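To find a chain, count down the sequence lines: A is the first, B the second, and so on, and within it residues start at 1. This is a predicted model, so every value here is computed, not measured.
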Amino acid sequence: MSKKNLIVIGNGMVGHHFLEQLVATPAAADFDITVFGEEKLLAYDRVHLSEYFSGSTHTDLAMGTADWYAANNIDLRLGEQVTAIDRAKQTITTPMGDYAYDELVLATGSYPFVPPIKGNDHPHCLVYRTLEDLDSIRASSEGVKTGVVVGGGLLGLEAANALKSLGLEAHVVEFAPRLMPVQLDADGGALLKRKIEELGVQVHTEKATTEIVEGEEARLRMNFSDDTHLETDLIVFSAGIRPQDALARSSDLAMGERGGIVVNDQCTTSDPHIHAIGECALWSEKIFGLVAPGYTMARTLASVLNGDQKAAFTGADMSTKLKLLGVDVGSIGDAHGQTQGARNIRFNDEKAGHYRRMVISEDGKKLLGAILVGDNSHYDTLLQYALNGIELPEQPETLILPESQGGAPTLGPDALPETASICSCHNVSKGDICGVIDAGCTDLGSVKAETKASTGCGGCAALLKNVVDSELEKRGVEVSKDICEHFPYSRQDLFNIVKVNGIRTFQTLIRDHGKGHGCDICKPAVASILATCWNEHILATDHVPLQDTNDTFMANMQKNGTYSIVPRIPGGEITPDKLIVLGEVAKEYDLYTKITGGQRVDLFGATLSQLPEIWEKLIAAGFETGHAYGKSLRTVKSCVGNTWCRYGVQDSVGMAITLENRYKGLRAPHKVKMAVSGCTRECAEAQSKDFGVIATENGWNLYVCGNGGMRPRHGDLFATDLSDEELIRTIDRVVMFYVRTADRLQRTSVWMENLEGGLDYLKQVVLEDSLGICDELEQHMADLVGTYQCEWKTAVEDPEKRKRFREFVNAPEKKDPVQEWTTERDQRRPLLEGEPA
Amino acid sequence: MKARTSWDVVCTVDDLVPESGVAVWTEDGPVAVFYLPHRLPALFAISHTDPFTGKNVLARGITGDLKGQPVVASPLYKQHFNLQTGQCLEDEGVNVETYPILLDGNNVRVEIPAANKESVAA
């Protein structure tokens, strides 16, 4: 039997999800699949669009890869717009030709609604929907000050956030009397307005724009019906969406009165071979403008095409939980209490800025809906009560009262029924999670990979973790965090034990808190903890045997057993005299010489016994150890900054040197890299470092927990426009908190990803001092900075420590017989295995 | 029974580093001598040559115990070797030479097989 042609028009989130679902069914083998996308880019995550301005790229936001499409034999045709459907011939037309289909799926999504206001076609009137739109907004924002978003709904506030992250003074203009009129009531909307205004976004409600004209102080002026006006340099319309249904309309499919392609419960249109899913589809007179219902339609249609006659779309929960401009907003079910007989319980703390409203059934037993502003910590519990019809406690108000006023603790994962929906984006129930755990998943990562739970909007991450932890615990799976067989503790536990008990040696620690004699896992980890706590010399008698060979000999062992030497060159700035010394030393010892990625010089091929001699010479010339061998600060890379560069706005080299000298020698769970860029052109690539600093007109922006290497990660923007003092204080705190709480060999990027509460939690701890430990963290850092010593200087001055560098203790003149060398590009290098001498 | 040489003095107690190793040169080539003062016996001698790479580095590894066996981890690729038997814990087919070792007053002595002495001499 020959295969049937399946054509999908539209490559957005829902279209992509449909393909993912379909290829997982046996029906995939029956179809040759072709996908047409109007945009030139592969489907990407529109929910997190504003992250495009805080460093995310299309690749970060992409839903899949071209390789995935190729591997599944899907013909992906991006940038090829479908212009017509011929239902009689079952073909579609593009500028490239006609294509025949047996089944056609419309996943064309929606387009932004631009209100019919005179002047809305001005070149600086824009919309917020695609990455291309964002590029236009960015271009329009260059060199100007103010931006207005028309529309105070969910997307409008996201757009305002985007304008703010471009550095514009942002305004929101809303026609309705409050923000988010669909999701919030008057009190909730008012609190949200106040909070957003505190963050520097001006909110203008009950404003109807009558016309847009040329401005006097800015590019544009918006005139309102109440005879007021507002000047702005650009306008972003985000006043709702309209289904992208033109193709369907011109091919005479049944349409809704106000647009939308009419579909039945099987997501099939009035033509049995044409289907529609997502924001272009009108089901039961409703358009769903959220991703979760779109995904549900996609799943339904995949099942339908797979021959499942019972598959049906039966509506979707429109509950939402968001962080808009950093403010928590939640809306569940019948938030406005429109159900007959519905009653309300409200909690409004204007001082703390928390508003919570429960809508309960007439008999008081069921939760129908809820509104949360300012604090979403009650959302998960309330959503579970509403979705699963769990009977409310006798005093339902305890669910939204603060604990100090008798509020009940949140609903534990045990209380949820098997049918409870945990992840609505991917329709994963608690039962599904139990299923994959029974089938062998033993950690959060594998449960996510297996079920896709929490990989959509991510709103259920905390709940998912609780369910997984509780279910694993129930099955007696203990997720061991023990560092090794010698200590029944995690690195963080060991850190606290060492700190609290004032333990200064490994022997004391293992005697009192461990067993056996240690190993190459726990010894270096404990050495690092001891160094962080007490900062004694790593070659002190008690600490020598704990170190990895690189730390023991304060150099990096290479594959032939020789070492490389990396002197510190703070910020990458070096005098010609010092550079000459490096050259002379390298020449004298015939050291292979290479510039590193961290703006310093690496000298390779020194034998153990040569190390102290070489360092004597380097120290005499004013060099210090570069700690290239340690789990510690490596380099602070910098661009040349405003001293020389025509574009630089701050002295990036000076700041890099200050930071490098401050944190040099600090022992951490893993190596730490930093960089400072002198302007937003970011020549120092600071966003790929553990700590990245980018100069602004007003000071410094700090990015944290970036990474290059095997698994690149852009740093998260942590704080903006900091003064020198604020910058250093903030880095002090984050570094010390990392050093105290990370696992062994855990880089900051992974630490951040595993930190419960993530970036927001870290901001609370560091910027708001929520744990009350910031003074202690700063003091600890000050102690470490105050006790810094150049380890190599101390070592070469101490005859006992120098003894350690004898190659053979009984034969000082003896050379290691197995080192064989050759010459390549005028430098000495080791012979490779099997290479003739 | 294998003919043996006398016990060679390879270093003194002062050369040893507690809980760690030092390399000595013997007539059988480079040997790693470990001193683990919290164990009995406290002295171990194995070949200094890492069998996986042929490089002379084992004395520079981290010592410890795994499931009760005294071990050193190669500093290059971190395989563990039993200090008493020379057996590699990660690969059954690999082991390193071990040597009898004892303390004679202030001197550390290692016994080198005669056959190996000759081969080196030749």
N/O donor to acceptor pairs below 3.5 angstrom from side-chain atoms of residues 507-515 of chain A, sequence neighbours left out:
residue, atom, partner, partner atom, Å
Q507(A), NE2, E19(B), OE2, 3.4
T508(A), OG1, T505(A), OG1, 2.6

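- Between P18(B) and P545(A), the shortest heavy-atom contact is O-CG, 3.5 Å.
- Under the 4.5 Å side-chain criterion, counting only non-hydrogen atoms from C-beta, H80(B) is in contact with D520(A).
- For the atom pair NZ (K523(A)) and OG (S20(B)), the distance works out to 8.0 Å, reported to the nearest 0.5 Å.
- The greatest number of non-hydrogen atom pairs below 4.5 Å with chain A, out of V9(B), T53(B), V57(B), V17(B), is found for V17(B).
- Both the backbone and the side chain of V24(B) come within contact range of chain A, judged by heavy atoms closer than 4.5 Å.
- In this structure a side-chain-to-backbone donor-acceptor pair under 3.5 Å is present from N810(A) to V10(B).
- Under the rule for a side-chain contact (heavy atoms from CB on, under 4.5 Å), the partners of H517(A) that lie at least two apart in sequence or sit in another chain are H38(B), R39(B), D65(B).
- If you measure heavy-atom distances from F506(A) to chain B, you find no contacts under 4.5 Å at all.
- The minimum heavy-atom distance linking P524(A) with I62(B) is given by the pair CG-CD1, 3.5 Å.
- A donor-acceptor contact shorter than 3.5 Å links the side chain of R60(B) to the backbone of G561(A).
- Ranked by non-hydrogen atom pairs under 4.5 Å with chain B, the options C522(A), A811(A), C484(A), G518(A) are led by G518(A).
- For K499(A), the NZ atom sits in a packed shell: over 12 heavy atoms of surrounding residues, nucleotides or ligands are nearer than 6.0 Å.
- Note that OG1 of T562(A) is 9.0 Å distant from NZ of K55(B), once rounded to the nearest 0.5 Å.
- Taking CZ of F808(A) as the reference point, atom CG of D15(B) lies at 14.0 Å (rounded to 0.5 Å).
- Within the model, atoms CD of E807(A) and NE2 of H48(B) stand 7.0 Å from one another, a figure rounded to the nearest 0.5 Å.
- In K559(A), the NZ atom is not crowded: 12 or fewer heavy atoms of neighbouring residues, nucleotides or ligands sit closer than 6.0 Å.
- Atom CD of E92(B) is surrounded by 12 or fewer heavy atoms from other residues, nucleotides or ligands within 6.0 Å.
- Summarising the geometry, atom CE belonging to M557(A) is positioned 7.5 Å from atom OG belonging to S74(B); distances are rounded to the nearest 0.5 Å.
- In terms of non-hydrogen atom pairs under 4.5 Å with chain B, the most contact-rich of D548(A), V544(A), D542(A) is D548(A).
- Contacts with chain A were tallied for L66(B), V31(B), V22(B); L66(B) has the most, counting heavy-atom pairs under 4.5 Å.
- Contact count versus chain B (heavy atoms, under 4.5 Å) is highest, among N560(A), T552(A), L608(A), for N560(A).
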